[in-house]
Each structure stands twice: as structure tokens, then as C-alpha cells.
Novice: 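One structure, as C-alpha cells, below. Some questions next.
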Amino acid sequence: MTKRELIEKTLAGVPTGRVAVSPLVCGAARGLVGASYKEWSTDASLCGESFVRAAELLDMDCVTLLVDLSIECAAWGQGVIFPENEAARPDYSKKIIKTPGNYAKIKRVDWKSSDRMRFYADLCGYVVKKIGVSVPVFAFVFGPLGTLSMCRGQEDLFMDMYDCPEKVKAASHEIALTLAEYAGALCDTGVDGVMLDTLFASGSIMSKEMWEDAEGGDALLIARAIREKGKKVLVHNCGKRVYFDSQIKYMNPDAISFLYPPDDCDGFDECREKYGGSVTLIGCVPPTYAVMGSDEEWSEICRSQIKSLSGGRFILSTGCEYPAGADLNRARLMVDAARRA
Amino acid sequence: MSDNQAFGVLEELSRAVMRGNAETAESLTKEAIESGLKAEVILKDGLLASMAAVGVKFKNNEVFVPEVLVAARAMNRAMAVLKPLLVGEKALSGGKVVIGTVKGDLHDIGKNLVKIMFESKGISVVDLGVSVPAERFIEAAISERASIICCSALLTSTMYEMKNVVEEAKKAGLRDKVKIMVGGAPINSDFCKEVGADYYSPDAQSAAEKAAEILGI
């Protein structure tokens, strides 16, 4: 069975007899091309080549192209800092939404006018061209509310959701319109699907009702744009007590990438029982362990996750980004654990 | 105003804080002062008690980050009215904690939530901000005579700075005098043990409860 067949069958819920595996190796791959974080975050070919080499070196069954969470916000003029050896991030000393009145500045934009979005589309195109025939490739998009938080700061955004929710929602909707078009364009690069990060749909952040009201409809809009291109919709959320039910209700994703059990499950076993038949579960090895403990302890955690979550639709992965400073050997051990399962 | 009426104002004040209504909290604090209630009583029974209740609800997943933030904002607005009437930091004498996000890490929302929960328990907090070098934690703990150092990190790339804080505390001869607490998204109890810290807390309210226990509050 080819990697493509394995992933397509896994996402479709067809038994494969194999555990698919794809550690979320992103910034950690930059060493494979000798790039600084800054170079890696701005040069699409260099970044793309690092993902290609990581996929080949680690023998991954699919690749998700997560670079950083500030790709999207730059389209609205939010300044971004590119440290040499850390992930790019918004310059919060120059937030473009300084007051609630500034939400009105956020309007739908042409994604092609954004250097960072164009960089990202080029990255997708590069990786698809190099390995897309044999290895499924998934793009990654930060959701509208998360993108808005990059322009306002999380604390202020959360308080604004109390003080002036309509202003927040209006701005978030404008972003969603842009992201829907952008996600569609990413699909046109040939990726197999788009993983949407709905970070705030989690009990560690806000109530289910608040998330559904603020972002549910916009998440639906973006998911629909992806599906209209005939591509897969994946969701990522590494918060605690994630709202699987809400995200399924609005996006009906093919897969959910997560780190902790959802809010309505006591553990991973219950999660598999409840959701493993209807949506592909991606995870949930804590990335922290990639930089601590022994190799054997890491492999045991991987085996334990396989035991808990396989049997339904499942791809073994880290529940969030594989640490950018970690040796790739642990990622390789994760792949080995899946192959031996 | 009778005693009953005065305590009625305190109850209303508590409700205003819990609902995050800053303007009402401010005006009720003024009303409570005018009614003759002591500032310490207003602080303890009106503000800190309500924030502590919010903390418990947060831990029990009954309220979430936005609710905690607006409640803290309401409490701070009321505190601004009350502060000139409080003698020194008499009412906040439950011990002192130095807190910060470790070097290289600019995330502060988790650290700020912990600070809110600490203050709701009457613990004085010295907030060192974000990207705090290990040496700075130690200098502050010494100069502020803090009993606890709290380190926050959101990134796997920065979390090992916590080990440096532990090492610096040892070098400064402080290790048996202060407790070191760690927390943040990538942190867990295994990591806490590995770096030699004393306590890991999975959420802000648990951190405050542990700190209160350490400080004997």
C-alpha cells in the first residue's frame, strides 16, 4: 500500500491494517537545509525543501506544512518579527487594533497582496511538486479569531468579546472571507487538504457557546471553501478540553489533530470510542517528551498512544508542533513505533 | 446605612466583580466606603472573596479565560478606589511571590491568569514580565524577600530556562529558602521533576491553591 493510499483510506475510515504516522515536524526541519528560522520563514523554496527532506528522512506518511501562526495576520498590516532562531511572531508593540474602534479597519483583503500568504502558497506548491504524487500534503491556516488575536493581543480580544462582541465578530468575519478565498487558493496548489487551527474552540480558553457564536459560522465558511475544491478539511487544536462536537457541527472535518482528550471524554480510549469511527484522530503524543526523558520512554509513549487511539481512524502524530529545537531522532522513533504496531 | 444595608452593598460588589462589571464594582466600592465599612473588609469580603470564587469556577470549568479577565478588570477598578485607604500592604500580607515568563518566551496570558488568582488569595505578586533571565528571578526573589518563584513558559524551546532558574537559585544559596513553581502549556509534572523545581500546577487556580498552601494562608 502506498502512502497516498494509506492516508486516503485512513481519512475515509477504510481499514488499512497499518498505523499511519506523521509527526508534526515543522521548525525542527530547518536544520536539514541549514537555514536560520528567519530564512526558513521567508524563503518558500528553502522552507519547502526542509519539509521535503524531513518527509523523506523520517519516512512520513503525510506532511502538514505548519510554519508559524503569524502568516495570516500580516495581510492586514500587522507587523511581524522574524527572529534568527525562533518562530516568527506578531510585533505586539505595534498592534494594528489598539482600541475596540479599530476593529472597523479590518476588511476583506486580496490574499495575493500579502507577502506572507504568497510565500505560503509558494511553499505549498513547492512541496506538492516535489513529493505530492506519493506523499499527501496538507496546508495549515490559522482561524479567523486566532488571526484577529494576532492583531489585537489575546487578552484584549477576550475582554472585547464581552465589551463589544459585535465589533469582534464583524472583524473576524471579514478575516474569514479572506481566509476562505486563501484556503481555496492553497487547494489550487495541489495540496490534499487544509488543516484549520481553531485554537479558541477549547475549554482552556472560552465557553462552547462563546466559540460557536464567535467563530463557528466563519469556520463553516472556510471549511466549505476547502470542500468545494474537492479537498479534505482537517482541524488542529492543541488546547485542553477541545470542543470536538462543536467543531464537527460546524466544519464536519475529515480529521482532528489534538493533544488532550476533548471536553466530553474522560480519556483517549473514550475519545476513540466516541469519535474514532466518524472522524480521523491525529495525535496525541505530547511534544514536550521529545526533549526530555529517554528514547525508550518516548517510544513507550508513542506505543501507548497507538494502543489508545488505533482501531478507528487514526494517524499517530505529536499533538502539537514537534519542538523546533529537538533532535529529529525522536520523530524517527515515532515513525518506527507506528511501523512496528 | 445599617449594617445589613452595608453588607448588602458588599454582596452586590461581589456579584459585580464576578460578572466583570467594572463600573458597577467601582461605584459600589465607593458606596461601601461611604457606608463606613473598613477598607480591609471591603477588600477581603467584597473583592478577594469574589475573585477567589471566580478562580474556583475557572478550575471547575464553569467559567473561562474571558470571564476571569473581565472579573479581574472589575476587581482592579475597585482596588484603585480602595488602595489609598489601605495602610501599606497590610491587607495583602499573605506572602510574596515573584512571577515571570522565562527568558526567550514572550507569552504572558497564562502568567497573568496565575497572577490574578494569586492576588485573589491575598498573595503579593512581583510581576517581572516576559522573557525574564534566570538571574533576574533570583535577584528579585532576594530583594523582595519572596517565598516562591513562579516560572511560566509556553514553548518547548524555552521551557528548559526553568532549569537555569533552579540552578541560579542553588548558586545564590536560595534553594532551601524559596519554593520554585512551574507551569505553562508544555510543562507537566515529569518535567517539573526533571528540572528540579518543586511544584507543577496544571492551571492558574491550582497554582494559587498550592501557593497558599506553601505560604500557610
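Every chain is numbered from 1 and lettered A, B, ... according to where its sequence line falls, protein lines coming before strand lines.
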Novice: Once you round to the nearest 0.5 Å, how far does CG of N112(B) lie from CD of Q154(A)?
Specialist: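 Here the interatomic distance stands at 11.0 Å.
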
Novice: Are there more than 12 heavy atoms of other residues, nucleotides or ligands under 6.0 Å from atom CG of N60(B)?
Specialist: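 More than 12 heavy atoms, drawn from other residues, nucleotides or ligands, come within 6.0 Å of this atom.
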
Novice: Name the region of F200(A), side chain, backbone, both or neither, that has any atom closer than 4.5 Å to a heavy atom of chain B.
Specialist: neither

Novice: Side chain, backbone, both or neither: which part of E62(B) has a non-hydrogen atom closer than 4.5 Å to chain A?
Specialist: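 No part of E62(B) comes within 4.5 Å of chain A.
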
Novice: With a sphere of 6.0 Å drawn around NZ of K95(A), does it hold more than 12 non-hydrogen atoms of other residues, nucleotides or ligands?
Specialist: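 Count over threshold, so yes.
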
Novice: Against chain B, work out which of G203(A), P286(A), G153(A), P287(A) has the most heavy-atom pairs shorter than 4.5 Å and name it.
Specialist: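 If we count pairs closer than 4.5 Å to chain B, G203(A) comes out on top.
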
Novice: Please find the pair of heavy atoms, one from V291(A) and one from Y160(B), that lie closest to each other, and give the distance.
Specialist: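 Where V291(A) meets Y160(B) most closely, the heavy atoms are O-OH, 2.7 Å.
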
Novice: Please indicate whether K208(A) has more than 12 foreign heavy atoms, meaning atoms of other residues, nucleotides or ligands, lying under 6.0 Å from its NZ.
Specialist: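 Atom NZ in K208(A) is crowded, with more than 12 foreign heavy atoms closer than 6.0 Å.
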
Novice: CZ/R73(B) to CG/D163(A) distance, rounded to the nearest 0.5 angstrom?
Specialist: 4.0 Å

Novice: Go through the atoms of N85(A) and report whether side chain, backbone, both or neither lie under 4.5 Å from a heavy atom of chain B.
Specialist: neither

Novice: Please report the interatomic distance CD(E321(A)) to OG1(T156(B)), rounded to the nearest 0.5 Å.
Specialist: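 Reported value, rounded in 0.5 Å steps: 7.0 Å.
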
Novice: Calculate, to the nearest 0.5 Å, the distance between atoms NZ and CG belonging to K240(A) and N61(B) respectively.
Specialist: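 With rounding to 0.5 Å, NZ (K240(A)) is 10.5 Å from CG (N61(B)).
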
Novice: Given a strict heavy-atom distance threshold of 4.5 Å, which part of E155(A) is in contact with chain B: side chain, backbone, both, or neither?
Specialist: both

Novice: Determine the minimum heavy-atom distance between P66(B) and M210(A), stating which atoms define it.
Specialist: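 So the minimum-distance heavy-atom pair works out to CG-SD, 3.9 Å.
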
Novice: Begin with the C-alpha distance, continue with both residues' side-chain angles, and end with the deciding distance and a verdict on side-chain contact (heavy atoms from CB on, under 4.5 Å) for N188(B) and M292(A).
Specialist: CA-CA 11 Å; N188(B) 56 34; M292(A) 59 181 287; 4.3 Å; yes

Novice: Counting only heavy atoms closer than 4.5 Å, note whether M159(A) contacts chain B via side chain, backbone, both or neither.
Specialist: both

Novice: Under a 4.5 Å cutoff for heavy-atom pairs, which residue among D190(B), I187(B), V63(B) has the most contacts with chain A?
Specialist: D190(B)

Novice: Do you know which two heavy atoms are closest between I205(A) and F64(B), and how far apart they sit?
Specialist: O-CB, 3.3 Å

Novice: More than 12 foreign heavy atoms under 6.0 Å from NZ of K103(B): is that the case here?
Specialist: no

Novice: Between Y92(A) and chain B, with a heavy-atom cut-off of 4.5 Å, which part of the residue counts as in contact: side chain, backbone, both or neither?
Specialist: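 Neither part, no heavy atoms under 4.5 Å.
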
Novice: For E296(A), does the CD atom sit with more than 12 other heavy atoms under 6.0 Å from it, leaving out its own atoms?
Specialist: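 Count over threshold, so yes.
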
Novice: Counting heavy-atom pairs under 4.5 Å with chain B, which one of A87(A), G325(A), S207(A) comes out on top?
Specialist: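 That would be S207(A).
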
Novice: Hey, is NZ on K44(B) packed in by over 12 heavy atoms from elsewhere, all under 6.0 Å?
Specialist: no

Novice: Counting only non-hydrogen atoms closer than 4.5 Å, does L113(B) touch chain A with its backbone (N, CA, C, O), its side chain (CB onward), both, or neither?
Specialist: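 Neither part; nothing is under 4.5 Å.
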
Novice: Quick check on R303(A): does its CZ atom have over 12 non-hydrogen neighbours (other residues, nucleotides or ligands) under 6.0 Å away?
Specialist: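 Count over threshold, so yes.
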
